[in-house]
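One structure below.
The model shown is predicted, which means the values in this text are computed figures rather than measured ones.
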Amino acid sequence: MENPGFKRAIRSFVLRQGHLSASQQRAIDEGMPRWGIEYRPEQLDLAQAFGRDAPKILEIGFGMGGATAEIAANMPQHDYLGVEVHSPGVGNLFKLIEEKQLTNLRLLRHDAVEVLDNMLADGSLDGVHIFFPDPWHKKRHNKRRLIQAPLVEKLVKKLKPGGYLHAATDWEDYAIQILEVFNGNTDLQNTAEAYAPRPDYRPLTKFEARGIRLGHGVWDIIFTRK
C-alpha cells in the first residue's frame, strides 16, 4: 500500500550515516515508501499520515529502535512518530516494523528541531518521548545536550493540554539538569515529587537491566502540559 506521508524530495542537508549495512540500506529503501515520511518544510497532517485518528506520540532519537518497536507493539491504540538522523537506526527500525507487522509507527529521518519548527502543528501531540539522549558527560560538552530550555519550549507548544513529556537517562547529572529545565517551564507540571517511577509502557532494555543489577541508576522525568 502506498504511504500518503511519503513523497520523494531533493534534500538540502547531509544525514549522519554511521556504518550502514547492506540489509539496513535495503530496509530504508523498501521501508521509506511504506512507513517513512520525508521531511518537507510544510505542516504534516498526522491523521492522514497514519490513516486514522488516534493519540499521537513523538519520539526524538530512537537509536536502534528496539524499545520504540516494543512500545508500538504493546500500545496499538496509539500512533508513534519516530524522528532520528542516524541511518543505521532508521534501517534497523524499518526491519523491526516489517518483522512485527506494525501499523502504528512512522519514521522521519531528519533533525528534530526542524521537524518541530516546520512540520508539526501546535497542540497536535499527546506525548513526547526522549529516552537516553546522548549525555555529553564531559562538563565542557554539557551545552551540546539535547534537552535545554529552548527545545522544551518548542515541545510544550506542540503538546495538547494534558499531554505528557517523558525523558529518561542513566546519567544522574543529566537527570538533575532535565528536572531543572522541565521545572523552569511554567506551562509544565510534574507528575511526581521529583523523579517518576518507570511507567509500564517504557520497556526495560538489556543494557538498562544490566546497569540496575550493577547498582547504576536510571531516572524518568515525566511532566504534563497544564
Side-chain contact test, heavy atoms from C-beta onward, threshold under 4.5 Å: evaluate it for Leu107 versus Leu105 and give yes or no.
yes
Nearest heavy-atom approach of Ala49 to Ile37 is CB-CD1, 3.9 Å
Heavy-atom closest pair, residues Ala196 and Ala192:
CA-CB, 3.9 Å
Can you find a heavy atom in the side chain of Val218 that is under 4.5 Å from one in the side chain of Leu204?
no
Do we see a donor-acceptor contact under 3.5 Å between the side chains of Tyr39 and Asn118?
yes
Scanning both residues in full, the closest heavy-atom pair of Asn104 with Pro76 reads ND2-CA, 3.6 Å
Check Ile130, Ile60, Leu155 against Ile147 for a side-chain contact (heavy atoms from CB on, under 4.5 Å) and give me the one that passes.
Ile130
Would you compute the distance between atom CZ of Phe131 and atom CD of Glu208 and round it to the nearest 0.5 angstrom?
10.0 Å
Heavy-atom closest contact (Ile178 atom, Ala167 atom, distance):
CG2-CB, 4.0 Å
Quick one: closest heavy-atom pair of Gly65 and Leu93, and the distance?
O-CD1, 3.3 Å
Using the salt bridge (charged side-chain N to carboxylate O under 4.0 Å, His left out) rule, pick out the option among Lys158, Lys160, Lys56 that qualifies with Asp126.
Lys160
Verdict with supporting geometry, Asn74 and Tyr201, side chain to side chain contact (heavy atoms under 4.5 Å, CB included)
CA-CA 8 Å; Asn74 292 336; Tyr201 63 76; over 6 Å; no
Got Gln177 and Gln148 here, is their nearest side-chain heavy-atom distance under 4.5 Å?
yes
Value for CG (Leu125) from CG (Asp79), rounded to nearest 0.5 Å, stands at 11.5 Å
One should read off an interatomic distance between Phe223 CZ and Asp187 CG, to the nearest 0.5 angstrom, of 12.5 Å
Can you confirm whether Leu116 sits close enough to Leu151 that some side-chain heavy atom of one is under 4.5 Å from a side-chain heavy atom of the other?
yes
Of the options Met75, Glu59, Arg106, which is the one that meets Tyr80 in a side-chain contact (heavy atoms from CB on, under 4.5 Å)?
Met75
Quick one: CG on Asp111 to CD on Glu84, what's the gap to the nearest 0.5 Å?
10.5 Å
According to a 4.5 Å side-chain heavy-atom criterion applied to Ile, Leu, Val, Met, Phe, Trp and Tyr, with indirect links allowed, do Ile176 and Leu146 form part of one hydrophobic cluster?
yes
Tell me, do Glu98 and Glu30 make a side-chain contact under 4.5 Å, heavy atoms counted?
no
Quick check: is Val90 connected to Leu20 through a chain of hydrophobic side chains (ILVMFWY, heavy atoms under 4.5 Å apart)?
yes
How many angstroms lie between atom NE2 of His110 and atom CE of Met119, to the nearest 0.5 angstrom?
8.5 Å
Any heavy-atom pair between the side chains of Tyr164 and Val128 that's under 4.5 Å?
no
Output, in order, the C-alpha distance, side-chain angles, deciding distance and verdict of side chain to side chain contact (heavy atoms under 4.5 Å, CB included) for Glu38 and Met32.
CA-CA 8 Å; Glu38 282 283 2; Met32 277 300 292; 3.9 Å; yes
Are any non-hydrogen side-chain atoms of Ile71 and Phe62 less than 4.5 angstrom apart?
no
From Glu70 atom CD to Arg202 atom CZ, the distance as rounded to the nearest 0.5 Å:
11.0 Å
Is the side chain of Gln189 donor-acceptor paired with the backbone N or O of Thr224 at a distance under 3.5 Å, no angle test?
no
Any donor and acceptor pair, going by atom type alone, linking the side chain of Lys226 with main-chain N or O of Thr186 inside 3.5 Å?
yes
Student check: side-chain heavy atoms of Phe182 and Leu179 closer than 4.5 Å
no
Please tell me whether Asp29 and Gln25 have a donor and an acceptor in their side chains that are separated by less than 3.5 angstrom.
yes
His166 and Asp220 side chains, donor-acceptor separation under 3.5 Å
yes
Could you tell me whether the side chain of Arg225 and the main chain of Val156 form a donor-acceptor pair under 3.5 Å?
yes
If you look at every heavy atom in Arg145 and Pro135, which pair is closest and at what distance?
NE-O, 2.5 Å
